Number of protein chains: 2
Amino acid sequence: MKGLRALSACALLAGLGLVSAVAFAQDSLPSWNDGKAKQSIVEFVAKVTKEGSPNFVAPAERIAAFDNDGTLWAEQPMYFQLFFALDRVKALAPQHPEWKTKEPFASLLKGNVKGALKGGEPAIAQIIMATHAGMTTEEFETLVRDWTGSAKHPKTGRLYTEMVYQPMLELLAYLRLNGFKTYIASGGGIEFMRPWTEKVYGIPPEQVIGSSIKTEYEMRNGKPVLVRLPAINFIDDKVGKPIGINQHIGRRPILAVGNSDGDLQMLQWTAAGGGARFMGLVHHTDAVREWAYDRKSAIGRLDKALDEANAKSWTVVDMKTDWKRIFAFE
Amino acid sequence: MKGLRALSACALLAGLGLVSAVAFAQDSLPSWNDGKAKQSIVEFVAKVTKEGSPNFVAPAERIAAFDNDGTLWAEQPMYFQLFFALDRVKALAPQHPEWKTKEPFASLLKGNVKGALKGGEPAIAQIIMATHAGMTTEEFETLVRDWTGSAKHPKTGRLYTEMVYQPMLELLAYLRLNGFKTYIASGGGIEFMRPWTEKVYGIPPEQVIGSSIKTEYEMRNGKPVLVRLPAINFIDDKVGKPIGINQHIGRRPILAVGNSDGDLQMLQWTAAGGGARFMGLVHHTDAVREWAYDRKSAIGRLDKALDEANAKSWTVVDMKTDWKRIFAFE
């Protein structure tokens, strides 16, 4: 936290032209090993921030988009939002006696997660709608805050919000220090992320793009509320990412980082703009400190996007060799 | 423009605590006559920006939402976006020989706008879809830029983007000077506004919320594009305004200004938050310098929202008496 505050002060001074932002590059990414990945980041930032250079990009156009699951925080053994949903099923079970015999809830309540998820996407959709809809946006925010403040990851025993990648926190801060506006563009729920992204990543709610369900404006005792409905509004994944980015930002990112095939279209969309571009993939290669998975993983599959990254010389971050530290708690 | 630049420098100094922002209040709103409306604005801003005061609001939460049509720019004799659509119909007519006999296009092409709009909302929807869909987002942006750079208002002979209210430009700049983030929340098309709102209002594309049609991600000659489809995605009017604001910003505004019943729910939603709040309506009362209309107007009807404003002591800006100048070109 102290580090982040120091960076902010620097950003202010740099903004005033009192100090050179680029001078901070080495100190801003201490958890990155020297190597191609780090070098490509530093070179890109130097290039687009150098006034008078043909690659210079005005601060307003320095839009950076990051996937969340598997890019900024971990996503194994399953998406963290699914853990939240399962905990909600348990909490809501007393109000739903019918769940005892109704799948996927029956299996879940017996602790058989695999069995419950056998039903595939329709089963997951049922779980999400039963746990994410039917309350106001404010009530949902409270549920998310309570859960992220207490629930622990089954493997590490840490809060889920502690399972964020230290090198990525440094990258986000380094980009902001250099005048970038950092956004999340995630397949995860927009309202599931917003209650904690500012504190954890320094990314405010208005810079979070994600999947959403519909909401309805309703008067309750003379007070207006937005009620969350059990109906999909937008899926911010694959082709949905450039669509969501265009809808929310109205500008094309000049830098985007993801970790799976769900990010491919966001990276293609970013690459297709004019001028200097940075496309990056986080490759999960460290089975000891984190997880190792790619082409065959059910969660966060990285296959086509890895081929395209190799073919087009996008930056592929090898977690095992590029990152000195993965989590801040290490 | 010089004035705006001066304000920016002040904002920077004020942000650094080198000067008091409130001291600029009088100079920041020169086109506002002294009166209740101006006073209520200045008092609200002073209250929420005073550190240590019970009404203090942290800068990140200083969200201000403005309607566009009739609030920031004029909307008579009809919404400006409709003029754009009509001009597009004329431009596209050679490619659509069938329009010669097909309503609402046939009437339009004969110069009979009233006849064409007799078909009501379905006719308008047909015109919008025929003129706003079928091209990429970039192609549409070019069309809007070309049109706003050349088309003239039938009454004033001015560019439409010159028909913005000088007192509102001052208010937007004054709020930003005091740490507010200014947003548009308009029933108009989000992609119709974004190409010019930054230049005209100082509001960047990512702070524009509006109605939208669906887009589709498509590869054209190996290059990804977003194609605009003839299907409604979101209507940012009435109950849609708080929904759109929540979706885009994820924070509740502490200040909102509109001018019609389409803004009522945005104002109610703003009012329902905790702490100090500012709800405002622009009342079109000046038939000489602008237009005078409210409860019975087909465009920008102000009826229920005026009743609620009076009942709840929201600020009602009387254009005739509160504004020294309406348009900058006066």
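Here is how names work: the chains are called A, B, and so on, in the same order as the sequence lines, proteins then strands, and each is numbered from 1. Since we're looking at a predicted model, the values are computed, not measured.
- When each of B:Gly240, B:Ala272, B:Gly222 is scored by its heavy-atom pairs under 4.5 Å with chain A, the top score falls to B:Ala272.
- Residues in residues 224-238 of chain B take part in these side-chain hydrogen bond (donor to acceptor under 3.5 Å, both in side chains) pairs, two or more places apart or across chains: B:Ser212-B:Asn233.
- Proximity to chain A (any heavy atom under 4.5 Å) is restricted, for B:Tyr183, to the side chain, taken from C-beta onward.
- Considering only heavy atoms from C-beta on, B:Gln247 stays 4.5 Å or farther from B:Phe234 through its side chain.
- If you measure heavy-atom distances from A:Lys214 to chain B, you find no contacts under 4.5 Å at all.
- Only the backbone of B:Val225 comes within less than 4.5 Å of a heavy atom of chain A; no side-chain atom from C-beta onward does.
- Of the listed residues B:Gln207, B:Arg194, B:Gln268, the one with more heavy-atom pairs under 4.5 angstrom with chain A than any other is B:Arg194.
- When A:Val208, A:Val239, A:Ile209, A:Ile249 are compared by the number of non-hydrogen pairs under 4.5 Å with chain B, A:Ile249 comes out ahead.
- A donor-acceptor distance shorter than 3.5 angstrom exists from the side chain of B:Arg277 to the backbone of B:Pro253, with no hydrogens or angles considered.
- Ring centroid separation for the pair A:Tyr201 and A:Trp73 does not come in under the 6.0 Å cut-off.
- Residues B:Thr315 and B:Phe278 form a side-chain contact, since some pair of their non-hydrogen atoms from C-beta on lies under 4.5 Å apart.
- Between A:Phe80 and A:Thr161 there is no side-chain heavy-atom pair separated by less than 4.5 Å.
- Of the atoms belonging to B:Glu218, not a single heavy atom falls under 4.5 Å from chain A.
- Scanning residues 135-147 of chain A against chain B with a 4.5 Å non-hydrogen threshold yields A:Thr137, A:Glu138, sorted by number.
- A salt bridge is absent between B:Lys181 and B:Glu61: the closest approach of a Lys/Arg side-chain nitrogen to an acidic carboxylate oxygen does not fall below 4.0 angstrom.
- Using modelled atom types, one side-chain atom of A:Asp263 and one backbone atom of A:Asn259 make a donor-acceptor pair closer than 3.5 Å.
- Looking at B:Leu226, the atoms closer than 4.5 Å to chain A (heavy atoms on both sides) sit in the backbone and in the side chain alike.
- Contact record, B:Ala65 with B:Ile245: CB-CD1, 4.1 Å, taken as the closest heavy-atom pair.
- Between B:Asp67 and B:Lys241 there is a side-chain heavy-atom pair separated by less than 4.5 Å.
- Only the side chain of A:Ile190 has a heavy atom closer than 4.5 Å to any heavy atom of chain B.
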